[in-house]
Protein chains: 2
Amino acid sequence: MRPARRDTRAEILSLAEQLFHARGYHGFSYQDIAQALGVKNAAIHYHFASKEDLGLALIGRLRELVRKNLELFRGNPIDPVAAIQAYFGYYRNHCAATHSICAVGMLAAELSTVPDAMRLQARALADEMRELLAAILEAGRARGVMQFAGEPAARALSLMCTMGGAAQVTRLKDSPEVLETVIAQVSRELGLAA
Amino acid sequence: MRPARRDTRAEILSLAEQLFHARGYHGFSYQDIAQALGVKNAAIHYHFASKEDLGLALIGRLRELVRKNLELFRGNPIDPVAAIQAYFGYYRNHCAATHSICAVGMLAAELSTVPDAMRLQARALADEMRELLAAILEAGRARGVMQFAGEPAARALSLMCTMGGAAQVTRLKDSPEVLETVIAQVSRELGLAA
DNA sequence: GTCTATATCCGGATAGAC
DNA sequence: GTCTATCCGGATATAGAC
């Protein structure tokens with residue numbers, strides 16, 4: 001029942017995540033975080049000895065989130081349409097609204113300039129994301145509320161690429177309309193109601 | 001009829017383009033180029049006073065290429081299927097083969113850390129790319145060799161996002177199979193022969 | 001056109017006091 | 001847990017000789 005004492009570590013992680021989505025792993029510095037939090041450079045190093053540690057913690061948290069969603073959906077796969085709308089919602093309310101892009105796309109771009117361990121984490125994140133989408137698509141088709149040709153895993157991969165790309169072009173063009181156009185096109189092809 | 005004298009400027013540009021696709025605008029330095037070409041740092045600055053100049057020249061060349069292809073296709077739109085196969089071929093033979101990603105995706109990721117002028121160039125590049133794809137898709141549907149719902153411009157945008165994302169995930173997973181899976185899925189949906 | 005030399009700045013990281 | 005102070009390396013960029 002302690003009063004709302006600052007949890008610096010959590011604040012760092014949260015801010016770093018925003019900065020990462022907006023500017024990439026190499027696009028922010030310990031200085032940026034320190035200044036925003038009103039502490040000094042060295043304080044960040046106390047919580048995350050190296051920037052790589054921070055990067056790993058960051059992706060780890062995202063993986064956790066995806067895994068939790070997968071578990072949730074598998075435990076109660078009654079509404080695949082709502083699940084995919086939530087997926088679209090992420091791009092609307094997170095990416096487009098904050099002019100940022102998704103972590104997989106950012107990490108893919110920075111892949112060759114990022115520590116090895118982060119590369120592995122990024123791969124795992126992409127795998128888990130694909131797994132989640134495949135589960136949703138498979139359930140959707142089985143219940144007759146989605147239509148597509150081919151394997152759910154293949155369609156999930158393609159969808160993931162499309163939406164990741166959509167977030168990027170949306171940001172590039174600074175136009176939420178881009179995202180809406182792609183979502184509308186994809187929805188049409190999956191047989192979802194507009 | 002001068003002997004094959006080195007055109008340093010062209011070599012710089014060509015090498016910078018490779019480095020950019022592989023590591024991004026911030027991922028390579030004048031040093032990298034200088035060493036690879038066996039000259040000194042300052043020599044690069046002679047040809048491109050600032051890195052921004054180099055970046056602009058680089059994107060400008062890509063735009064030129066896309067524009068040329070658009071002009072070519074518009075002048076002779078008899079084989080849209082070959083045109084789209086060539087588009088897929090770029091991802092196979094350039095991106096996947098060199099473990100790099102396409103410029104639009106790279107620039108979208110680095111967007112907020114790149115000079116203003118480059119942002120504008122990047123937007124124009126994306127627009128022109130979309131225009132080219134829309135022309136191909138429209139011709140393909142008109143000739144009955146491609147099927148899709150909605151406007152060609154919307155389908156073109158979605159396709160561009162899908163393929164850009166596919167290059168990124170292919171690189172992330174270090175797996176050409178990812179690219180082939182996406183191409184196969186897209187081809188199926190467009191009604192192209194496998 | 002290319003060189004040497006240098007200026008300037010910035011990012012990550014560490015040591016040791018408080 | 002946070003501070004001050006400092007080190008190191010790397011990157012862009014410029015001046016002036018050749």
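Proteins get letters first, then strands, A, B, ... in listed order; numbering begins at 1 in each.
- In this structure, B:Phe48 reaches neither bases nor backbone, as no heavy-atom distance under 4.0 Å exists between it and the strands shown.
- Using a 4.0 Å heavy-atom distance criterion, B:Tyr46 is classed as a base contact.
- Classified by interplanar angle (parallel below 30°, tilted 30° to 60°, perpendicular above 60°), the ring pair A:His94/A:Tyr90 is parallel.
- Distance from the side chain of A:Gln31 is smallest for C:dG11 among the nucleotides D:dT12, D:dC3, C:dG11.
- Rounded to whole angstrom, the span from the CD1 atom of A:Ile44 across to the P atom of C:dG11 amounts to 14 Å.
- Contact annotation: A:Thr8 reaches the phosphate of D:dT2 (side-chain N/O to OP1 or OP2, under 4.0 Å).
- With rounding to whole Å, B:His45 atom NE2 is found 17 Å from C:dT6 atom P.
- If you take CD of A:Glu52 and C1' of C:dG11, they are 16 Å apart, rounded to a whole angstrom.
- One finds a salt bridge joining B:Glu131 and B:Arg74 here, because a Lys/Arg side-chain nitrogen approaches an Asp/Glu carboxylate oxygen to under 4.0 Å.
- For the OP1/OP2 pair of D:dT12 and a distance below 4.0 Å, the side-chain nitrogens and oxygens of B:Ser50 include no atom meeting the criterion.
- Rounded to whole angstrom, the span from the CG atom of A:Asn41 across to the P atom of C:dA13 amounts to 10 Å.
- Along DNA chain D, the nucleotide nearest A:His47 and the nucleotide nearest B:Ala42 are compared for position; the residue whose nucleotide lies closer to the 5' end is A:His47.
- Straight-line distance from the CD atom of A:Glu11 to the P atom of D:dG1: 13 Å, rounded to whole Å.
- Rounded to a whole Å, the OH atom of B:Tyr30 is 14 Å from the P atom of C:dT2.
- With C:dC3, D:dT2, D:dT12 as the choices, the nucleotide that has an atom nearest any side-chain atom of B:Ala43 turns out to be C:dC3.
- Distances from the side chain of B:Lys51 to the nucleotides D:dT12, C:dG11, C:dC3 place D:dT12 closest.
- In terms of heavy atoms, A:Ser158 sits closest to B:Gln185 at CB-CG, 4.0 Å.
- Cation-pi contact between A:Lys68 and A:Phe73: absent, since separation from the ring centre below 6.0 Å together with deviation from the ring axis within 45° is not met.
- In this structure, B:Lys40 forms no cation-pi arrangement with B:Tyr30, as its terminal cationic atom is not both closer than 6.0 Å to the ring centre and no more than 45° off the ring axis.
- Taking atom CZ of residue A:Arg23 and atom C1' of nucleotide C:dC10, one finds them 14 Å apart after rounding to whole Å.
- Within the 4.0 Å cut-off from OP1 or OP2 of C:dC3, not a single side-chain nitrogen or oxygen of B:Lys40 is found.
- One atom, OH of B:Tyr25, and another, P of D:dT12, lie 8 Å apart when rounded to the nearest Å.
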